[in-house]
Amino acid sequence: MKKRICLHREASGRLWTLRLVMTVFCSWLITGLAGNAASTEYRAAGEMQGTFTVKLPVSFGTIYDRNGIPLVNAESRKYAVLSGNADQAERVMPFAADKKEFAEKAAEGVPFICELTENSSEIHDDVTVIDVPVRYDKEGTAEHIIGYIQDGHGVCGLELDYDEILRRDNGQTKVTFSVDGTGRAFSGEEAVVQYAPRSSQGVVTTIDAGIQKICEKASCSLKKGAVVVMNVNSGDILGLVSRPAYSLDDMESALSSEDSPLINHALCAYPVGSIFKLVTTAAAIETGNEDFAYECTGSIDVGTQHFSCHKKEGHGSLALDTALIGSCNPYFIALSERISALEMFETAARFGFGSEIGLSDSIFGRKGYLPDVQELMLPAEKGNFSFGQGKLTASPLQITRMTSAIANGGFLPEARLVIGETEDGSAENTVNFSTGKRVIQKETSDELRKMMIGVVYGGSNFKGKPEGVCAGAKTSTAQTGRYNENGEEYCHGWVTGFFPAHDPEFAVTVLAEDAGYGNDSAAPVFKEIAEGMREYARKSQQK
């Protein structure tokens, strides 16, 4: 019995000893694991200690007008760079452009940026405020020329064609803070600002920013259409507008719009109507038919085709100049019968009809449609052609070149949009261009100019007559063959002209798409542009 008790006590002692050992071991293990966990946490926190960099919006190279005025990057926005300090955030919040977003970022307690309102001059000196260029202004200046950017690269227009130059330098300002293990900036330590390279490098265009704005304002009345302004001697495009406009800051709306605002109407081809009578007139003069006289009775028949005059009772006896002023279709149909199909075709081709006009790699005026000689051998086709109807189409850019040739003494200029590349906003001519070639004799252009001046001042009730500057012009109302639900035909309103009348410098073309009579829809826009440019030139001379 005593032996069993002793064995039991011995076993109990061994069990107690084993339990003690296990308890000590588990305690040691738990303590070690906890220590390792703490060590890992501290190590991770230690790795977080160092720097935290805040990046501001990226800016790119600049597209300039001919005088070095930025067409992009013209405005800027102010951004505050905050350390995450609560007191600092409280002082800046009243000036935040988006207060909800500001509050969310400030709650995190780490460095961040915020856009400021315009009234932010009262912010304390301990807040870093940086100006960042805004790529596109709210007015959308010259958007159909400039194009737009997506994912940091140009998608169309000059943004696409000069993408490599405009995106050559990474224009991004960076601000670096020293931070602790939780990502919070150390108080008392100044942030290091690495400013972006100045975005002065870029491209210089032929556009004159002042003239461009005049054209944009004057063309607001056009639901659809275009305006082109050209220097008649150099072919430099000084202003180019397409309607409807779109906002470069809201491309989603532009892409979904039924009006297709992304289309550049200045470069598209349309029926041109009576402004083509200038070409028929040139062909008549150069073939010795300038003395042709005709009695308009209100209509004319060409084979089985009947053509009516817009003046039902007819114009009566007409000479070439009075026929152009009165825009008499029967006269020009009869005149075309005295000119061969080949001569008609070649005169139009020399004026640039049927030819594409390249302005940059992706910007070009459509060639339109110029009927060939075989088509013009058909009397009715030739009759339509004589006053700009039938199959003939052309772009506002082509029409402006034609008018430039009439205004400058007979040379068709090469249209130009880009002068060259730049490092600072000024540029030498680095884009090849030609001063143009003679397409009509000087005597012919002189006669045409006189007739166009007669249109403006010859009692034809021209609604585009500008005040303060003399001009020459011709209007059109071009049939389209399309009709509305009431059976009324859509017609394009046109006007093309030049000024000053006796020493021409500028050619202007206005297209009012589907807007009816050119004298009603397009001529008033021409008037506003001519008057605006006269005032712009006067102010420029006073500076």
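Sequential numbering from 1 along the given sequence is applied to the chain's residues.
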Would you say the side chains of [X] and [Y] form a donor-acceptor pair under 3.5 Å?
X    : Y    : value
Q194 : T173 : no
T403 : T496 : yes
T475 : N519 : no
D137 : T141 : yes
E375 : Y369 : yes
D236 : T206 : no

Please find out if less than 6.0 Å separates the ring center of [X] from that of [Y].
X    : Y    : value
F52  : F177 : no
F276 : F353 : yes
F385 : F345 : no

Heavy atoms, side chains only, cut-off 4.5 Å: are [X] and [Y] in contact?
X    : Y    : answer
P271 : K391 : no
V495 : V508 : no
V127 : Q88  : yes
K174 : L56  : no
T205 : I146 : no
I529 : M533 : yes
L166 : I63  : yes
L222 : V510 : yes

Could you give the distance from [atom1] ([X]) to [atom2] ([Y]), rounded to the nearest 0.5 Å?
X    : Y    : atom1 : atom2 : value
L158 : S360 : CG    : OG    : 5.5 Å
T393 : L370 : OG1   : CG    : 9.0 Å
F506 : S404 : CZ    : OG    : 11.0 Å
T347 : I440 : OG1   : CD1   : 9.5 Å
F462 : M452 : CZ    : CE    : 9.0 Å
D163 : C156 : CG    : SG    : 11.5 Å

Salt bridge between [X] and [Y], side-chain N to carboxylate O under 4.0 Å?
X    : Y    : answer
R168 : E164 : no
R77  : D131 : no
R538 : E535 : yes
K224 : D514 : no

request  = Sequence neighbours left out, what pairs pass side chain to side chain donor-acceptor pair (under 3.5 Å) with at least one residue falling in residues 268-279?
outcome  = H265-Y270, Y270-E513, S274-K277, S274-S327, K277-S327, K277-N329
note = In short, salt bridge (Lys or Arg N to Asp or Glu O under 4.0 Å) pairs touching residues 350-371 with sequence neighbours left out are E286-R350
inquiry  = Using the rule side-chain contact (heavy atoms from CB on, under 4.5 Å), only one of I207, N231, L238 pairs with R66; which is it?
reply    = L238
So does [Y] get a backbone contact from the side chain of [X], meaning a donor-acceptor N/O pair under 3.5 Å?
X    : Y    : result
D65  : D208 : no
E421 : V204 : no
E505 : P500 : no
E101 : D98  : no
Q398 : G352 : yes
D151 : H153 : no
T477 : G518 : yes
R167 : G61  : no
E467 : E531 : no
S476 : I275 : yes

What closest approach, in Å, do [X] and [Y] show between heavy atoms, and which atom pair accounts for it?
X    : Y    : answer
A185 : S83  : CB-O, 3.6 Å
R135 : I149 : NE-CD1, 3.7 Å
R482 : H492 : NH2-CE1, 3.7 Å
R534 : G468 : CD-O, 3.0 Å
V455 : A473 : CB-O, 3.2 Å
A106 : F112 : CA-CE2, 3.8 Å

message = side chain to side chain contact (heavy atoms under 4.5 Å, CB included), that's the test. Do Q150 and E159 meet it? Break it down for me.
response = CA-CA 10 Å; Q150 189 175 57; E159 293 279 27; over 6 Å; no
Please tabulate, one pair per line, all N/O donor-acceptor pairs under 3.5 Å involving side-chain atoms of residues 254-262, not counting sequence neighbours.
residue : atom : partner : partner atom : Å
S256    : OG   : E252    : O            : 3.1
S256    : OG   : S253    : O            : 3.2
S257    : OG   : D259    : N            : 3.2

query = With a cut-off of 6.0 Å (strictly less than), are more than 12 heavy atoms of other residues, nucleotides or ligands near OH of Y517?
reply = no
message = Does atom CG (D503) have a neighbourhood of more than 12 heavy atoms from anything else shown, all under 6.0 Å?
response = no
request  = List the steps and the verdict of side chain to side chain contact (heavy atoms under 4.5 Å, CB included) for I69 and Y64.
outcome  = CA-CA 5 Å; I69 297 173; Y64 296 92; over 6 Å; no
request  = Assess whether side chain to side chain donor-acceptor pair (under 3.5 Å) is satisfied between T51 and S178, documenting all intermediate values.
outcome  = CA-CA 4 Å; T51 61; S178 295; over 6 Å; no
ask   = Taking it one step at a time, do E528 and K217 satisfy salt bridge (charged side-chain N to carboxylate O under 4.0 Å, His left out)?
value = CA-CA 9 Å; E528 186 174 344; K217 180 177 180 294; 3.4 Å; yes
request  = Starting from the C-alpha separation in whole Å, work towards a yes-or-no answer on side chain to side chain contact (heavy atoms under 4.5 Å, CB included) for E143 and Y136.
outcome  = CA-CA 9 Å; E143 70 272 20; Y136 309 119; over 6 Å; no
inquiry  = Pair C215, V229 - check side chain to side chain contact (heavy atoms under 4.5 Å, CB included), show working.
reply    = CA-CA 8 Å; C215 294; V229 178; 3.4 Å; yes
